[in-house]
Amino acid sequence: QNADDAGASEFSLLLNKKQYSRSSLLSNTMASMQGPSLYCYNNAIFKPHDFENLARIGQGSKLDKLQTTGRFGLGFNSVYHYTSVPSFVSGDHIVFFDPHTSYVPRATTQKPGLKLRFTRKNSNLSKNSNSTASPPLKERFRDQFKPYELFGNDMSSYYNGTLFRLPLRTSNNSLKDEIKRTTCSIDTITKLLEDFQSVAVQSLLFLRNIQNIRVYVIDEDDPKNELNNTIISKNVANEEDVFIDLVNPPSDETEETKEA
C-alpha cells in the first residue's frame, strides 16, 4: 500500500537466502543482521514526509490523507513480525530502524534508528585545494551495504526507487527481542510468498498505481545473485496465464538501467 500511495507502478518481493560477510560493518552489533532477508522493492522515491511517517511507530500519520490506500499509516509496523531491524534505501539515503537500540550505532530511545547519506555531495573544491574528501560509505563499510546492491541499486549513486530489507529474526538475534521472540525461518517466508502469489492478481484490483508485481528468490549458493521470478500483471486475461517459471533477469539492473 505504501508503494501504491507513492505512485509506484512496479512492486517486487524477494526472498534472499544468502549469508553476507561481516568484516566491514557499521558496528559489530549488526553482524546478526547479515543473513537471509525479505526485500520489498518499488520504483517510486521516498519524499521527506515519507521518512517522517515511517519514523513514527504506531502513529496514524496518514489520517488526514484519505486518498491514500494505507489510510492510517500503520502497515509498516507489521514488518516487526519478521525482523528486529528493518531498513531501506531510497534516493540518497539508507535508513535503519532499531526500536530496541541494541544493533544500530548511535540509536537512542529518542531516535531509535539511523539515517545515512551514501552518495557524495557536489564538491566545489578547486584542483589546487589540499582538502581531501572522505572515502564513500560503500568503500568504508563494504559488507554492510553489499546486501542492498539489488534492483539497480549500486549504493554509490542516487537510487531511483525504494528498497526495503528485512533481515529475518533468528535464534541469533531474537533472545532479547521485546517485540517478538518467535523466529522467522526461510520456510515461513517461502510459504508467505506462495500465499501472496495466490491472491496477488485480486489485490491489483484494489491498487491505483501498481501495474506489475514480481516475486523473486535468490538461493543461498547462487554466486551471481540470479533473481528467479514470477510476474503478476494487471494486463492478463486469465489467472492461468499469470505465472511464469524461472525468468532470470540481471540482478543488478532494472529495465530503466538497461535502456540507459
Side-chain angles (χ1 to χ4, degrees), residues 14-41 45-46 48 50-51 54-55 76 79-80 82-123 125 131-170 172-174 176-177 218 220-225 227 250-254 257:
L14 162 66
L15 171 57
N16 187 351
K17 302 179 182 180
K18 298 184 70 172
Q19 177 74 52
Y20 290 88
S21 298
R22 307 177 181 185
S23 299
S24 51
L25 303 177
L26 293 171
S27 169
N28 290 335
T29 54
M30 298 286 282
S32 62
M33 300 298 164
Q34 288 293 96
S37 303
L38 176 64
Y39 293 71
C40 301
Y41 161 80
I45 301 171
F46 257 54
D50 294 323
F51 285 99
L54 279 186
F76 181 74
V79 303
Y80 292 105
Y82 312 108
T83 187
S84 299
V85 182
S87 59
F88 71 92
V89 178
S90 190
D92 294 303
H93 296 92
I94 183 168
V95 177
F96 298 90
F97 295 92
D98 182 10
H100 298 90
T101 67
S102 300
Y103 303 97
V104 177
R106 301 182 185 178
T108 65
T109 53
Q110 290 75 31
K111 295 184 178 181
L114 182 65
K115 180 181 178 182
L116 296 173
R117 181 184 178 119
F118 60 86
T119 58
R120 285 175 177 254
K121 295 183 178 179
N122 292 331
S123 176
L125 295 176
S131 301
T132 57
S134 60
L137 283 179
K138 177 179 176 178
E139 294 183 10
R140 296 166 58 192
F141 306 105
R142 186 169 298 277
D143 292 339
Q144 185 71 72
F145 298 128
K146 183 63 177 177
Y148 299 89
E149 293 181 358
L150 293 162
F151 295 99
N153 179 32
D154 62 10
M155 289 306 297
S156 296
S157 54
Y158 187 89
Y159 185 45
N160 286 299
T162 300
L163 179 62
F164 285 87
R165 179 174 181 265
L166 313 178
L168 301 187
R169 185 179 287 109
T170 67
N172 294 327
N173 59 31
S174 63
K176 298 181 179 180
D177 200 309
I218 294 179
E220 182 178 3
D221 56 353
D222 187 350
K224 296 183 179 180
N225 282 1
L227 300 186
S251 62
D252 59 350
E253 291 185 345
T254 62
T257 304

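Positions are given from 1 along the sequence.
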Nearest atoms (heavy-atom pairs only) where Arg140 meets Ser24: O-CB, 4.0 Å
Donor-acceptor pair, side chain of Thr83 and main chain of Pro167, under 3.5 angstrom: yes
Minimal non-hydrogen separation, Ser84 against Tyr103, with atom names: CB-CE1, 4.3 Å
Flag, side chain of Asp98 to backbone of Ala107, donor-acceptor distance under 3.5 Å: no
Validation row: Tyr39, Leu163 side chains within 4.5 angstrom (heavy atoms): yes
Distance (rounded to the nearest 0.5 Å) between Asp221 CG and Lys18 NZ: 9.0 Å
Spacing of Ser37 atom OG and Leu168 atom CG [to the nearest 0.5 Å]: 6.0 Å
Flag, side chain of Tyr148 to backbone of Arg165, donor-acceptor distance under 3.5 Å: no
Criterion side chain to side chain contact (heavy atoms under 4.5 Å, CB included) on Leu26 and Leu114, from CA distance to verdict: CA-CA 11 Å; Leu26 293 171; Leu114 182 65; 4.3 Å; yes
Gap separating the CG atom of Asn153 from the CZ atom of Phe145, nearest 0.5 angstrom: 10.5 Å
Phe118 side chain reached by Val89 side chain, heavy atoms, under 4.5 Å: yes
Rounded distance (nearest 0.5 Å) linking atom CE of Met155 with atom CZ of Arg142: 11.5 Å
Close side-chain approach of Ser21 to Lys146, heavy-atom, < 4.5 Å: no
Exercise: identify the closest heavy-atom pair between Tyr159 and Phe151: OH-O, 2.9 Å
Nearest heavy atoms of Thr29 and Ser102, plus distance in Å: CB-O, 3.8 Å
Any side-chain heavy-atom pair of Ile45 and Tyr158 under 4.5 Å: yes
4.5 Å side-chain heavy-atom contact, Gln19 and Pro36: yes
Side-chain donor/acceptor of Ser87 to backbone N/O of Phe96, under 3.5 Å: no
Atom pair CG/CG of Leu166 and Leu38 - distance to nearest 0.5 Å: 5.0 Å
Validation row, ring centre Phe46 to ring centre Phe88 under 6.0 Å: yes
Donor-acceptor under 3.5 Å (Ser27 side chain, Met30 main chain): no
Check: Leu137 and Ile94 side chains under 4.5 Å, non-hydrogen atoms: no
Heavy-atom donor-acceptor pair, Arg106 side chain to Lys111 backbone, under 3.5 Å: no
Gap separating the CZ atom of Phe164 from the CZ atom of Phe97, nearest 0.5 angstrom: 7.0 Å
